Amino acid sequence: MNEQYFQEFTQILDTENKEKALEYVLELLNEKKLTLEELYLDLLAPSLTLFSCPVQSKEICIWKEHTRTSIVRTILECTFPYVTNRRKEIIKKAKKVMVVCPTEEYHEIGAIIVNNFFLLAGVDSQYIGANTPKHDIIMAVKAIQPDYVALSVTNYYNIVITKQITEALKAQYPAVKIIVGGQAFLQQGALEQVTYDHYLKNVQEIDAIFKKDSL
Ligand code: B12
């Protein structure tokens with residue numbers, strides 16, 4: 001069924017009609033035909049990761065990818081009240097997570113989704129932003145005092161700065177657990193370069209962290 005919704009959703013996205021795309025998704029949520037998790041993982045994420053320009057128009061279709069990203073970003077932000085409503089019904093865990101993308105990492109849709117998954121898991125989670133310099137990440141940890149820092153890395157070239165950030169975090173805040181995830185870690189050898197406590201291949205594994213750390 002979600003496959004059918006995905007096809008319908010991407011057909012709307014192909015026309016770059018933001019209003020129609022948003023209405024379509026909100027109707028699915030309101031009529032309880034889709035959960036938030038299904039929306040994020042079965043519609044929004046693949047609508048971006050599977051997007052490609054036809055070979056013959058590769059040079060002139062980057063704007064389409066950017067428009068689509070903007071539409072998905074709007075939809076994602078519009079789901080926040082649904083996240084907060086769900087949180088009213090779940091048992092909270094007294095733990096804080098800080099989600100952040102390292103320096104030069106501008107891909108942030110995944111990080112925002114991850115932040116929402118943490119919130120849905122019942123922990124207090126705060127998304128700091130994309131392209132965050134090492135110094136600002138350290139300053140944010142000092143101020144927020146999270147139990148976990150979750151780093152989202154998409155571009156493989158950002159593994160080098162991620163290594164520096166994770167080393168600095170562990171040196172200054174050894175009690176803070178580091179979670180890493182994102183497409184960059186699918187590259188062979190990427191994970192070995194960073195310091196981490198948990199690597200998650202997908203967001204559905206988030207609950208397992210809190211079970212493992214017996215929260
Ligand atoms: C949208 C997009 C952009 C947008 C991002 C806008 C934004 N606000 O986020 C913009 C236009 C900025 C962009 C720029 C670039 N991009 Co780009 N982009 C994409 C695209 C099409 C979609 C990414 C996305 O949002 N996917 C949807 C999200 C939901 O998926 P996700 O990030 O993987 O997140 C999921 C999981 O990975 C996981 N996850 C993610 N983080 C974490 C963290 C934790 C802790 C956990 C548990 C899980 C987790 O959970 C999410 C949900 O399942 C991808 C194509 C692709 N294959 O993904 C290329 C892609 C990522 N981009 C790519 C490239 C090369 C670039 C540029 C270098 C292009 C250029 N020449 O300028 C720049 C680099 C910018 C930078 N320095 O970061 C390459 C990366 C290849 C690589 N080197 O590794 C890709 C794969 C395209 C390609 N096939 O070549 N891009």
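Note that the coordinates shown come from a computational prediction; the quantities given were computed from them, not determined experimentally. Residue numbers run from 1 in the order of the sequence given. We count ligands from 1, going down the list as the structure has it; atoms in each ligand are counted the same way.
In this structure, the side-chain hydrogen bond (donor to acceptor under 3.5 Å, both in side chains) partners of N131, at least two apart in sequence or on a different chain, are Y106. Residues satisfying the side chain to side chain contact (heavy atoms under 4.5 Å, CB included) criterion with E23, sequence neighbours excluded, are E19. Partners of E37 under the side chain to side chain contact (heavy atoms under 4.5 Å, CB included) rule, at least two apart in sequence or in another chain, are T35, R86, F117, L120.
Of the listed residues (C101, P46, G182), the one carrying the non-hydrogen atom nearest atom 39 (N) of ligand 1 is G182. Across the listed options R68, E205, Q183, Q183 owns the non-hydrogen atom lying nearest to atom 58 (O) of ligand 1. Comparing L48, I109, N131 by heavy-atom distance to atom 22 (C) of ligand 1, the nearest is L48.
Checking atom 61 (C) of ligand 1 against the protein gives a heavy-atom contact under 4.0 Å. At a distance under 4.0 Å, no protein heavy atom can be found next to atom 69 (C) of ligand 1. Atom 42 (C) of ligand 1 is flagged as protein-proximal [any protein heavy atom, distance under 4.0 Å]. In this structure, atom 13 (C) of ligand 1 has a protein heavy-atom contact shorter than 4.0 Å.
Between I71 and L13 there is a side-chain heavy-atom pair separated by less than 4.5 Å. The closest side-chain heavy-atom distance from L28 to E8 is not below 4.5 Å. The side-chain heavy atoms of V141 and L169, taken from C-beta on, include a pair separated by under 4.5 Å.
Using cut-offs of 30° and 60° on the angle between ring planes, the pair F9 and Y24 is parallel.
For the residue pair N116 and Y40, a side-chain donor N or O sits within less than 3.5 Å of a side-chain acceptor on the partner.
The aromatic ring centres of F210 and Y148 sit less than 6.0 Å apart.
The shortest N or O to N or O distance between E104 and ligand 1 is below 3.5 Å. Polar contact with ligand 1: absent for N158 (N/O pair, distance under 3.5 Å). Checking only distances, E108 does come within under 3.5 Å of ligand 1, N or O to N or O.
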Legend entry - T49 vs Q183, side-chain contact (heavy atoms from CB on, under 4.5 Å): CA-CA, chis, key distance, verdict: CA-CA 10 Å; T49 48; Q183 290 187 37; 3.6 Å; yes
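If you look at atom 17 (Co) of ligand 1, the protein N, O or S atoms less than 2.8 Å from it are H107 NE2.
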